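Structure first, then comments.
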2 protein chains.
Amino acid sequence: MTSNKELMGAGTGLLVLSVLAREASYGYQIIRRINDEAAGLFVWQEGTVYPLLHKLEKDGFVRTQWQQADTGRRRKYYYITAKGREALSEGHRQWHAFHHMVTRFVEATNGQSF
Amino acid sequence: MTSNKELMGAGTGLLVLSVLAREASYGYQIIRRINDEAAGLFVWQEGTVYPLLHKLEKDGFVRTQWQQADTGRRRKYYYITAKGREALSEGHRQWHAFHHMVTRFVEATNGQSF
DNA sequence: CTATTATGCCAAGAAGTTCCAGGCATGTCA
DNA sequence: TGACATGCCTGGAACTTCTTGGCATAATAG
């Protein structure tokens, strides 16, 4: 039985994992990508994302590797693991189920103003 | 600028407000309705919903009234306010925007396994 | 008649998440 | 040189949710 907490928090991990499923990346870039894509809907702070990345690593959903960029700066790259892809798939499934429920509820309320 | 926290937490308030937009109800019944509708996807605890209801009241999204049921038991009925309906409408809008973003992200990852 | 279950409200404390506000270091550009 | 962007991180505050419990009445089972 999935807890509500996991489900709600799933949205954040889901976004990060989906970014990494496309291409390995590092914290600073992940933050920019997601905030760009959010286009003002929300803004993730560094203090939100770095702890989340550490948690994803602890859970085995990503692995990390320090790399030296052309610029000379050190970057901590995050790679999604097989387990991470499973979690992404499952999370996506649950997300849809939850969204479907929310939509059904809210749209049942009335036919006005939406 | 909406914070991420508000957006994620919005899902819970959204469900409760949408229940109340259809029909005034009381805590115990709200919990059962939502858990029934969730059909195992998640289970809300009383400890989650009652504080949420108090918060919705404090924010002016609902007002309350004690009533005596036919059974003789006291029930605290929650009525959605105009402000609550506005919040529901706005929350619904944001929820869609967020869901759209999540979907776009996740489905961009690959064409497999979903 | 009594014990259990269902109804109905709530709170206290723990655990987890996110934000805010920083710190620290290097590279780039004016 | 000084400011800004990049790049990592932490500590503490604030908030949410869960767990576990209490309290009281009504319905039902034995």
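Not measured: the values here are computed from a predicted model. Letters A, B, ... are given to chains in the order of the sequence lines, protein chains preceding strands, and every chain is numbered from 1.
Between A:Lys76 atom NZ and C:dC24 atom C1' the separation is 16 Å, expressed in whole Å. Atom CD1 in A:Ile30 sits roughly 12 Å away from atom P in D:dG7 (whole-Å rounding). Straight-line distance from the CD atom of B:Gln68 to the P atom of C:dG8: 11 Å, rounded to whole Å. Spacing between atom CD of B:Gln45 and atom C1' of D:dT16 amounts to 14 Å, rounded to whole angstrom units. One interatomic measurement links the two molecules: NZ of B:Lys58 to C1' of D:dC15, which rounds to 11 Å at whole-angstrom precision. The interatomic distance linking B:Ile31 (CD1) with D:dT17 (C1') rounds to 13 Å, in whole Å. Whole-Å rounding puts the A:Trp44 CH2 to C:dA21 C1' distance at 20 Å. Atom CG in A:Leu15 sits about 11 Å away from atom P in C:dT18, given to the nearest Å.
The residue A:Gly27 sits close only to the backbone: its heavy atoms come under 4.0 Å of sugar-phosphate atoms, none of a base.
Here the NZ atom belonging to A:Lys55 is positioned 8.5 Å from the OG1 atom belonging to A:Thr12, to the nearest 0.5 angstrom. Between the NE2 atom in B:His99 and the NE2 atom in B:His96 there is a gap of 8.5 Å [rounded to 0.5 Å].
Contact check, B:Tyr28 against C:dT7: a side-chain N or O comes under 4.0 Å of OP1 or OP2. Look at B:Arg75 and you'll find a side-chain N or O under 4.0 angstrom from OP1 or OP2 of C:dG8. Taking side-chain N and O atoms only, A:Tyr50 has no distance below 4.0 Å to OP1 or OP2 of D:dC9. Residue A:Arg73 places no side-chain N or O under 4.0 Å from the OP1 or OP2 atom of C:dG27. Between D:dT6 and A:Arg32, a contact under 4.0 Å exists linking OP1 or OP2 to a side-chain N or O.
Between B:Leu53 and A:Pro51, the residue anchored nearer the 5' end of DNA chain C, judged by the nucleotide with its closest heavy atom, is B:Leu53. The residue among A:Gly72 and A:Glu46 whose nearest nucleotide of DNA chain C is located toward the 5' end is A:Glu46.
Candidate nucleotides D:dG7, C:dT17, C:dC10 were compared by shortest atom distance to the side chain of A:Lys55, and C:dT17 ranks first. Here the side chain of A:Thr12 is nearest to one of D:dC8, D:dT25, C:dT18, namely C:dT18. Side-chain proximity of A:His54 to the nucleotides D:dC18, D:dT10, D:dG7 is greatest for D:dT10.
Using a cutoff of 4.0 Å between basic side-chain nitrogens and carboxylate oxygens, B:Glu37 and B:Arg32 are not scored as salt-bridged. Residues A:Glu86 and A:Lys83 are not paired through a salt bridge, judged by the lack of any N-O separation under 4.0 Å between the basic side chain and the carboxylate.
Ring centers of B:Trp95 and A:Phe98: under 6.0 Å apart, within the cut-off.
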